[in-house]
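To start, the structure under review is shown below, and the notes come after it.
None of these values were measured; they are calculated from a predicted model. Residue numbers start from 1 in every chain, and the chains themselves are labelled A, B, ... in the order their sequence lines are given, proteins ahead of strands.
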There are 2 protein chains.
Amino acid sequence: MKNKTKAIRIGDMRSPCPIANTLDIIGDKWTLLVIRDLFAGKSTYSEFQSSPESIPTNILANRLKRLAEYDVIHKTPYQQRPVRYAYQLTAKGRSLGPLLLAMAEWGKKNIAGTEARMKLDL
Amino acid sequence: MKNKTKAIRIGDMRSPCPIANTLDIIGDKWTLLVIRDLFAGKSTYSEFQSSPESIPTNILANRLKRLAEYDVIHKTPYQQRPVRYAYQLTAKGRSLGPLLLAMAEWGKKNIAGTEARMKLDL
DNA sequence: CCTAGTTACTTGCTTTATGCAAGTAACTAT
DNA sequence: ATAGTTACTTGCATAAAGCAAGTAACTAGG
């Protein structure tokens, strides 16, 4: 099994802590929203863009690239002429389900005015 | 119950999604490391600074302030002359335990070279 | 009293990341 | 031939992060 991803980064870690290293992959305001959308069944660039938070297009491209590098998602062409891509969660990506669930639960309990409008297949 | 915190922010939300709103509070590379330290029993400014990730001092001050504003932690003086403060998790903060646990588990399983060196009282 | 040390920050400045608008490539449909 | 759609990229302004140094309020030692 060749390693083309950034999965192994020993040496350039800020610490060996699993939380710190997870944050280096998903620790920002946008990444988990893309992953949420994937859990909600979305898979194309325009579907991600259509989410209510309106992710900037360059940031979306950047996050999709990073997630693919870390093997959390992968990109496959779903049609030719013109070629269009579908993004989907890898096994590693799907295993973020419990984290997403914990976050959604915390938000619903602790932040007034929040409401889950999409059904996630966690 | 008076509300001096930012707990209620209806109107300036980017969406009603609980995940999006949780990310607006803890979605960055540092906040959850401070919370991790609190779960590990740390409580002073210098203890947070001594963690292996070496959080910049101005960012630490900023995050402590924000977490207090959102009622995730609170600050109490533990001595006079000179006055020194201890930070501790509120009930709201302690309820982040499952989220932190899910994140630690994901990191341990999916990122090579990670290792939990602190015991968290989740 | 004077100097060094500690804790808990704040300030100034440089670098990096975010956010917005516009532009491009490769098509399809009329 | 022109307009529309999808999936991006590029340029530029603003905001946040990161680093080093400085400050305030003390304590302890010579």
Interatomic distance, A:Tyr85 OH vs D:dT5 C1' [rounded to whole Å]: 16 Å

Sugar-phosphate, base or nothing in reach of B:Lys65, heavy atoms under 4.0 Å: nothing

Grab the N/O contacts between the protein and nucleotides 10-14 of chain D below 3.5 Å, and write none if there aren't any.
none

Hydrophobic cluster partners of A:Val83 (side-chain heavy atoms under 4.5 Å): A:Tyr85

Short side-chain N/O contact from B:Tyr78 to OP1 or OP2 of C:dT7, under 4.0 Å: no

Residues touching DNA chain D, which here means a heavy atom under 4.0 Å, drawn from residues 27-55 of chain A: A:Thr44, A:Tyr45, A:Ser46

Might you list the N or O atoms of the protein lying below 3.5 Å from N or O atoms in nucleotides 28-30 of chain C, with each pair's distance?
unit_1, atom_1, unit_2, atom_2, d
C:dT28, OP1, A:Arg81, O, 3.2

Exercise: identify the closest heavy-atom pair between B:Lys92 and B:Ser95: O-OG, 2.7 Å

List the atom pairs, donor and acceptor, that lie under 3.5 Å between side-chain atoms in residues 72-80 of chain B and the rest of the protein, sequence neighbours left out.
unit_1, atom_1, unit_2, atom_2, d
B:Thr76, OG1, B:Gln88, NE2, 3.3
B:Gln79, NE2, B:Pro82, O, 2.9

Non-hydrogen side-chain atoms of B:Leu101 and B:Leu120 separated by less than 4.5 Å: no

Report each atom pair, protein N/O against N/O of nucleotides 22-24 of chain D, whose distance is under 3.5 angstrom.
none

Side chain A:Arg66, main chain A:Ile25, donor-acceptor under 3.5 Å: yes

B:Trp30 six-ring centre to B:Arg36 NZ/CZ under 6.0 Å and within 45° of normal: no

